[in-house]
Amino acid sequence: MTNRPADRPDDLEAKYRRSKIINVVLAALSAFLLVVVAAQLSTGQPAPSADGGAASPPQQAGVELRDPHDPMAIGDADAPVVLVEWTDLRCPYCAVFNRDTLPALVREYVDSGKLRIEIRDVSFFGEQSATAAVAARAAGNQGMFPEYLGAVYRAAPESGHPDLPRDRLIGFAQEIGVPDLAKFTADLDDPRLLEAVRQSTGDAQRLGVNSVPFFAIGNSALSGAQPIENFREFVDAALAGGE
C-alpha cells in the first residue's frame, strides 16, 4: 500500500500564501458587488448581467416611494430617512429580522418620526413565496400588511423554508383579526395582486437584489439579518448625513 506523503513545511507555506490571495480576491469581489448594488439602488441605472450586458432599469422611478397611502410601509411618509427592505415570506433570515430587529427599529426610530420603512415583497423561493406575498397584500388591502408579515414570521422555523399552503395563509388572517375574511379569501385569487408580486420581484432583480433580506437607504446598502447595532449605525449615519 502506498502512503500519501505528508505536507512539508514549504508546501504548507505555499498553500497558506495561495489561501490568503484567494481570500483577498473574494473579499474584494464581495465589496465590489455590494457597491454595484448600492449604486443601482441610488441611480436607477441597470445592473450588469452575467453575460456582461445590461438589464433593463426598474419600471418604478427610484427606490423610495414615500406614498402616504402605501399599505406596505411603516412610518411617516415625510420622515427624514427611508429604509427600504426586500423580503420573502418563506425566507428564514427575513423572519429573524422581523422578529428580532424590526420591533426595536420601530420603537427607536419610526415611532419618533425619524424613519420610515418601505417593504418590497419578492418571491425567490417558489410558488408558495408568491402566494404568501399575495396573501400579505390581501391583508394590506384591509390595512394589516405589517401585522400579517409578523404572524407569518413568528411561525417560521429556525431554518429552512416554511410550508405555506392556502389554508395556512387564511389561518394567519384569522389569527391577526383581518376584518373581512371573505374579502381576504377572494383577494387570494386576484390576478392583479399576483402580477404586483411578480413586478416587485422583477424590479428587485433588475436592481441587483438577488438575496434577502436586503436593505437600502439612499445609495447605501445592507444585506442580511444583521445585529440591531449594525442597523442603528446604518440609520444614524443616514440621519447625520441629512443634517
Chemist: Within the 4.5 Å heavy-atom criterion, are Q226 and F234 side-chain neighbours or not?
Modeler: no
Chemist: Test side chain to side chain contact (heavy atoms under 4.5 Å, CB included) on L105 and I74; report intermediate values, then the result.
Modeler: CA-CA 11 Å; L105 290 177; I74 306 171; over 6 Å; no
Chemist: Where the side chain of R120 meets the backbone of V84, is there a donor-acceptor pair that is under 3.5 Å apart?
Modeler: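 Looks like no, no N/O pair under 3.5 Å.
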Chemist: I need the full list of salt bridge (charged side-chain N to carboxylate O under 4.0 Å, His left out) pairs touching residues 129-140, with sequence neighbours left out, sorted by first then second residue.
Modeler: D121-R137
Chemist: Provide the full list of salt bridge (charged side-chain N to carboxylate O under 4.0 Å, His left out) pairs with a residue in residues 218-242, sequence neighbours left out, each pair given once.
Modeler: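 Counting only pairs at least two positions apart or across chains, the salt bridge (charged side-chain N to carboxylate O under 4.0 Å, His left out) contacts touching residues 218-242 are E108-R232.
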Chemist: Share the residues that join L193 in a hydrophobic cluster, the rule being Ile, Leu, Val, Met, Phe, Trp or Tyr side chains under 4.5 Å apart at the heavy-atom level.
Modeler: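 Hydrophobic cluster check, L193: joined to V134, L194, V197.
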Chemist: With heavy-atom distances below 4.5 Å as the criterion, would you say the side chains of C91 and F125 are in contact?
Modeler: yes
Chemist: Start with the C-alpha gap between V122 and V212, add the side-chain angles, then the distance that decides, and say whether side chain to side chain contact (heavy atoms under 4.5 Å, CB included) holds.
Modeler: CA-CA 9 Å; V122 296; V212 285; 3.7 Å; yes
Chemist: Which heavy atom of R168 sits nearest to which heavy atom of L164, and what is that distance?
Modeler: NH1-CD2, 4.0 Å
Chemist: What are the two closest heavy atoms between H161 and P92, and how far apart are they?
Modeler: ND1-CD, 3.7 Å
Chemist: Flag the pair V81 / Y109 as yes when at least one side-chain heavy-atom distance between them is below 4.5 Å, and no otherwise.
Modeler: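 A side-chain contact is absent here, since even the closest heavy-atom pair is not under 4.5 Å.
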Chemist: Less than 4.5 Å apart, side chain to side chain, heavy atoms only: is that true for V235 and I217?
Modeler: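 V235 vs I217: side chains touch.
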Chemist: Minimum heavy-atom separation for L188 to R166, with atom names?
Modeler: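 Answer, listing the atom of L188 first, then R166: CB-NH1, 3.8 Å.
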Chemist: How would you list all residue pairs meeting side chain to side chain donor-acceptor pair (under 3.5 Å) that involve residues 89-102, not counting sequence neighbours?
Modeler: none
Chemist: Nearest 0.5 Å, please: how far is CD1 in I119 from OG in S200?
Modeler: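 Reported value, rounded in 0.5 Å steps: 11.0 Å.
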Chemist: Can you tell if the side chain of C94 reaches within under 4.5 Å of the side chain of L89, non-hydrogen atoms only?
Modeler: no
Chemist: Minimum heavy-atom separation for R116 to A73, with atom names?
Modeler: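 So the two residues come closest at NH2-CB, 3.3 Å.
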Chemist: For residues 139-153, which side-chain donor-acceptor pairs fall under 3.5 Å, sequence neighbours excluded?
Modeler:
| residue | atom | partner | partner atom | Å |
| --- | --- | --- | --- | --- |
| N141 | ND2 | D187 | OD2 | 3.2 |
| Q142 | OE1 | D180 | N | 2.8 |
| Q142 | NE2 | D180 | O | 2.9 |
| Y148 | OH | L169 | O | 2.7 |
| Y153 | OH | T87 | OG1 | 2.5 |
| Y153 | OH | D88 | O | 3.0 |

Chemist: In terms of hydrophobic clustering (I, L, V, M, F, W, Y; side-chain heavy atoms under 4.5 Å; direct or indirect links), are L102 and L239 co-clustered?
Modeler: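 Linked within one cluster.
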Chemist: Which atom pair, heavy atoms only, marks the closest approach of I170 to F184?
Modeler: CA-CE2, 3.9 Å
Chemist: State yes or no: do V106 and M72 share one hydrophobic cluster built from I, L, V, M, F, W and Y residues joined by side-chain heavy-atom distances below 4.5 Å, directly or via other members?
Modeler: yes
Chemist: Give me each pair satisfying salt bridge (charged side-chain N to carboxylate O under 4.0 Å, His left out) with a member in residues 191-201, each pair once, sequence neighbours excluded.
Modeler: D190-R192
Chemist: Determine the minimum heavy-atom distance between V63 and E118, stating which atoms define it.
Modeler: O-OE1, 4.0 Å
